[in-house]
Amino acid sequence: MADKKIVTDSGIVIKQLYDEPVPVSEKPGEFPFTRGVHPAMYRDKLWTMRQYAGFSTAEESNKRYHYLLKNGVTGLSVAFDLPTQIGYDSDSEMAEGEVGKVGVAIDSLEDMEILFKGIELKDVSTSMTINSTAFILLALYIALAKKQGADLKKISGTVQNDILKEYAARGTYIYPPAPSMRLITDIFEYCSKEVPKWNTISISGYHIREAGSNAVQELAFTLANGKAYLQAALKKGLDINVFAQRLSFFFNAHNNLFEEVAKFRAARRMWANITRSLGATDAKAQMLRFHTQTGGSTLTAPQPKNNIVRVTLQALSAVLGGTQSLHTNGYDEALSLPTEEAANIALRSQQVIAFESGVTDTVDPLAGSYYVEALTNEVEAAAWKLIEKIDALGGSVKAIEQGFMQEEIARSAYIYNKAIENGEKVIVGVNKFTTKEEDKTQLLRIDDSIRQVQTEKLKTLRAKRDNEKAKACLETIKQKAATTENLMPFVIDAVEHLCTLGEISDTLRGVWGEYRG
């Protein structure tokens, strides 16, 4: 009988049997870090356990953060609503119907104070999933840390700050690519001097995967974008051995456990070679450190509790692949924002893996597997081919402007969805093993009254602040935006004088315009 052809989600053909050893010479913590960035990995320190949370008002999100911290979360991860992501205050007509829906609404420093009420920023690591307005949210965080009396040299966290993937896959951009890249390198430069423990970018493959890419495309496009950020910083005159140490990555974890493990291992090896080729000599500047989130697009609305199993398998792949930080999705997120119950189960999944499974007892436990080593090499080779195509087009920015990445992602999404529709790919509870029973999952609902609450806050804020000083701060930002001077100090000054996120964004819209795609 002919051997049945089976392929990974990226189309890599899987042999029936792998019985030829693949050489594994390096040790964990050694270049090119295939086996992990630290010699002892989780034997010394577990990954940071995060739960992505943020909804409604700052008050409501603050309650969820305290709940998560009480239940063992070791790092906060903030979700912002759509108006905050694209630079509109909650009272803008562009914000109608979206305030507080997919994340928390943050308009001003006062909102940021409420969001972290009772939480000392010096004691937590905070990840903020924000891109086009990342410089403003980071300014708000720094301003709050200063009010709390924290040492800016010691506060830690990550701001996503990855605009290239927004152009390629997600769409929450504001400004054209050139000024957007300027804002990113301004953050690199400012934080390297003033907030040295802050991770200044989380180069995201997550949203590329959510848009429909396969694992190889996620890896290739993410690293190509990372390469573009390195080149932009070098062009600005920054030292790669300094700023590259604060770059981190954000990957997706899907259901094909072994391909995901291979992707994570290949990513470290590839990034080490990319940074070295651009002049990095410090080992810490060559290391790829990454956060992982389980696959939102893999969650199903039918039979939602099946998602608990999916999320656990995905989390396991991230741990076996050597992640530094992990967020596990709630089982109900195909239907709504996660309830407290769903968030708690998701966190407990991480804790069971960490403390009961035994997979943290040794470093890179799948190393030496004929299959995993071969698959790591094949994923890497396929990703390099895509990066070579991007380089031939002039790099990530040019490739995005020409629609190359977008077309590749769309093609992959079509192939994947067609396979589900024709039954070639089985999704349990969706196209096989279905039931007609009505699902009774309790959902978290956000009503439209949140916009009115935020509007009243803004009205009060504008009435009590020094409006002349606020106006002067915005005028300074406008003037500095036309120069090459670093904008971060002026944005921090503006938020400290209660300028709003929308006002700062609009000021820069007036200078740079908006990108229309």
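Only heavy atoms go into these numbers, but all of them, side chains included; no hydrogens, no water, no symmetry mates.
- Around the NZ atom of K153, the shell of radius 6.0 Å holds more than 12 heavy atoms that belong to other residues, nucleotides or ligands.
- Separation of atoms CE (M112) and OH (Y141) is listed at 8.5 Å; rounding is to 0.5 Å.
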Next item on the list: Show the numbers, then the answer: is there a side-chain hydrogen bond (donor to acceptor under 3.5 Å, both in side chains) between T294 and N329?
Entry: CA-CA 6 Å; T294 56; N329 290 328; 3.2 Å; yes
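- At distances below 3.5 Å, not a single donor-acceptor pair connects side-chain atoms of E113 with backbone N or O atoms of S108.
- Evaluated for a salt bridge (charged side-chain N to carboxylate O under 4.0 Å, His left out) with E59, the options K457, R64, K117 yield exactly one hit, K457.
- Once rounded to the nearest 0.5 Å, the distance linking CD1 of I142 with SG of C191 reads 5.0 Å.
- Between E503 and R465 a salt bridge is recorded (basic side-chain N to carboxylate O distance below 4.0 Å).
- By the 4.0 Å N-to-carboxylate-O rule, D186 lies too far from K480 to be salt-bridged with it.
- With respect to E189 and R182, no salt bridge is recorded, no charged nitrogen being found less than 4.0 Å from a carboxylate O.
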Item checked: Test ring-ring contact (aromatic ring centres under 6.0 Å, His included) applied to Y206 and F251, step by step -> CA-CA 5 Å; Y206 185 85; F251 287 116; over 10 Å; no
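- Partner of V78 under the side chain to side chain contact (heavy atoms under 4.5 Å, CB included) criterion, out of T129, T84, V104, L137: V104 alone.
- Within the model, atoms CG of N241 and CD of Q286 stand 8.0 Å from one another, a figure rounded to the nearest 0.5 Å.
- Once rounded to the nearest 0.5 Å, the distance linking CD of E475 with CZ of F490 reads 13.0 Å.
- Aromatic ring pairs are classed by plane angle as parallel below 30°, tilted from 30° to 60° and perpendicular above 60°; the pair F250 and H291 is tilted.
- Shown here is K398, whose NZ atom has no more than 12 heavy atoms of other residues, nucleotides or ligands within 6.0 Å.
- Salt-bridge annotation for K459 and E456: absent, with no side-chain N of the basic residue lying under 4.0 Å from a carboxylate O of the acidic one.
- The backbone N or O of G97 lies less than 3.5 Å from a partner atom in the side chain of K101, making a donor-acceptor pair.
- The 12-atom threshold is not exceeded at CD of E96, counting heavy atoms of other residues, nucleotides or ligands nearer than 6.0 Å.
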Next item on the list: Let me see the working for F249 and W271 under ring-ring contact (aromatic ring centres under 6.0 Å, His included), right down to the final yes or no.
Entry: CA-CA 10 Å; F249 287 80; W271 186 245; 4.7 Å; yes
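- Just one residue in the list H207, Q160, Q85 forms a side-chain hydrogen bond (donor to acceptor under 3.5 Å, both in side chains) with N131, and that residue is Q160.
- Between Y175 and F135, the two ring planes are tilted [angle within 30° to 60°].
- Taking a cutoff of 4.0 Å between a charged side-chain nitrogen and a carboxylate oxygen, E60 and K63 qualify as a salt bridge.
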Next item on the list: Applying side-chain hydrogen bond (donor to acceptor under 3.5 Å, both in side chains), run through Q351 and R348 and close with a yes or a no.
Entry: CA-CA 5 Å; Q351 292 165 337; R348 293 290 182 255; 2.7 Å; yes
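- With L501 as the partner, the side chain to side chain contact (heavy atoms under 4.5 Å, CB included) test is satisfied by one option alone out of V495, I136, D107: I136.
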Next item on the list: Check the pair E110, K464 against salt bridge (charged side-chain N to carboxylate O under 4.0 Å, His left out), reporting the backbone distance first and the verdict last.
Entry: CA-CA 12 Å; E110 290 189 349; K464 72 180 183 181; 2.5 Å; yes
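- Taking the six-membered ring where the residue is Trp, Y65 and F116 present parallel rings, their angle staying beneath 30° rather than reaching 60°.
- Distance check: Q245 CD to N199 CG gives 10.5 Å after rounding to the nearest 0.5 Å.
- Atom CD of E218 and atom CD of E210 lie 9.0 Å apart (nearest 0.5 Å).
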